[in-house]
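Report on one structure; see the data block that follows.
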Protein chains: 2
Amino acid sequence: MSDDLRSKLRGSGYRLTPQRELILQAVERLGHATPDEVLAEVRTTSSAVNVSTVYRTLEVLEQLGLVRHAHLSDRAPTYHSVTDHEHFHLVCRNCQRVVSVDAHVADGLVARLGEELGFVPDLGHLTVFGRCSDCEDTP
Amino acid sequence: MSDDLRSKLRGSGYRLTPQRELILQAVERLGHATPDEVLAEVRTTSSAVNVSTVYRTLEVLEQLGLVRHAHLSDRAPTYHSVTDHEHFHLVCRNCQRVVSVDAHVADGLVARLGEELGFVPDLGHLTVFGRCSDCEDTP
DNA sequence: TTCCATGCAAACACTTTGCACCGTG
DNA sequence: CACGGTGCAAAGTGTTTGCATGGAA
């Protein structure tokens, strides 16, 4: 099960450690979580892990393409494991609800930015703030 | 010249102070600037202003619709004065270059999000990370 | 004269770093 | 047994807050 992790790590000259396994599993379990939340989750599951290890590990895992991060608030970033299909995030400024949207919804925009500006967007990191249908009225 | 500022402030029960004028002018002069850069700019122009005043003032100016902020890096947010036409930002992860794009370029996406999800995006706050044409090759 | 705004300093939230020790490969 | 990884503690950014003083209206 952690053979995928092991091989990805080794392929880039990294080692497989229990901390790295635990942190990846925590991210997978949590969905969208800040470094702090990941730390808390790991600690419930097993022995203690240090904050700095969490930060360093999330960085490594992101380099390997196993997790990604997005900025869903003005506070800490949130990490999520990389799944089959790419998606971006909508965040309601009123109720803070987060919705994941398939990247294809932005195909038109991606095409325009590519053609007109030669810009290749990284949708997986994109967060669109706004107002959801439930909150259209609320001030 | 600061009559617009004065009336907007007073209209919301705020007062016009020299600091508020200076900070707005600094933002207008700088284009995209972090709170720290705004502070530095104000200080070159005139007497000292305090950091907290910069933060508090930028918040007020944003409420009044005179400035907006976007997250152009993983560091501090940048503020810019609100101009006639709404725009969003592209940031190249490789060369850090920032390009402002007219909001209409995203009309298609806005329509889809509205129809399919009832979500009204705030494009003025949107930042799209990716890779610009000059950096397509660079690793 | 009334409050809102400011300055200051301390606290806060989040992240990074240096170094000695630990443990994978 | 070498070298990358970890823990720890301290320092680094960026931002907020409480409180006394100052100044706009």
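Hydrogens, waters and symmetry mates play no part in the numbers below; they use all other heavy atoms, side chains included. This structure is a prediction, so every number in the text was calculated from the model and none was measured. Lettering of chains follows the sequences in order, A, B, ..., and the numbering in each one begins at 1.
When all heavy atoms of B/Leu123 and B/Ala103 are compared, the closest pair comes out as CD1-O, 3.6 Å.
Following rounding to the nearest Å, B/Arg20 (CZ) and C/dG7 (C1') show an atom-to-atom distance of 14 Å. Regarding B/Leu9, its CG atom lies at a distance of 16 Å from the C1' atom of C/dC3, rounded to whole Å.
If you take CD on B/Glu62 and OG1 on B/Thr57, they are separated by 12.5 Å, rounding to the nearest 0.5 Å.
Taken over five-pair windows at either terminus, the axes of the helix from C/dT1-D/dA25 to C/dG25-D/dC1 are inclined to one another by 40° (rounded to 10 degrees).
A distance below 6.0 Å separates the ring centres of B/His125 and B/His71. In this structure, the ring of B/His104 has its center no less than 6.0 angstrom from the ring center of B/His85. Ring-centre distance between B/His80 and B/His89: below the 6.0 Å cut-off.
The closest donor-acceptor contact from the side chain of B/Arg131 to the backbone of A/Pro121 lies at 3.5 Å or more, if one exists at all.
Under the salt bridge (charged side-chain N to carboxylate O under 4.0 Å, His left out) criterion, A/Asp122 pairs with A/Arg68, B/Arg93, not counting sequence neighbours. Looking at residues two or more places apart in sequence or on another chain, you find no ring-ring contact (aromatic ring centres under 6.0 Å, His included) involving A/Phe88. For B/Phe119, there are no ring-ring contact (aromatic ring centres under 6.0 Å, His included) partners two or more places apart in sequence or in a different chain.
Closest-nucleotide positions on DNA chain D for B/Pro35 and A/Thr53 were compared, and the one nearer the 5' end corresponds to A/Thr53.
Here the range on DNA chain D touched by chain B, meaning any atom under 4.0 Å from one of its heavy atoms, is D/dT13 to D/dA25.
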(message) Can you build the contact string for nucleotides 16-25 of chain C? Use B for base contact, S for sugar-phosphate-only contact, and - for no protein heavy atom under 4.0 Å.
(response) BBB----BBS
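Counting heavy atoms from C-beta outward, B/Arg43 and B/Val49 have side chains that stay 4.5 Å or more apart.
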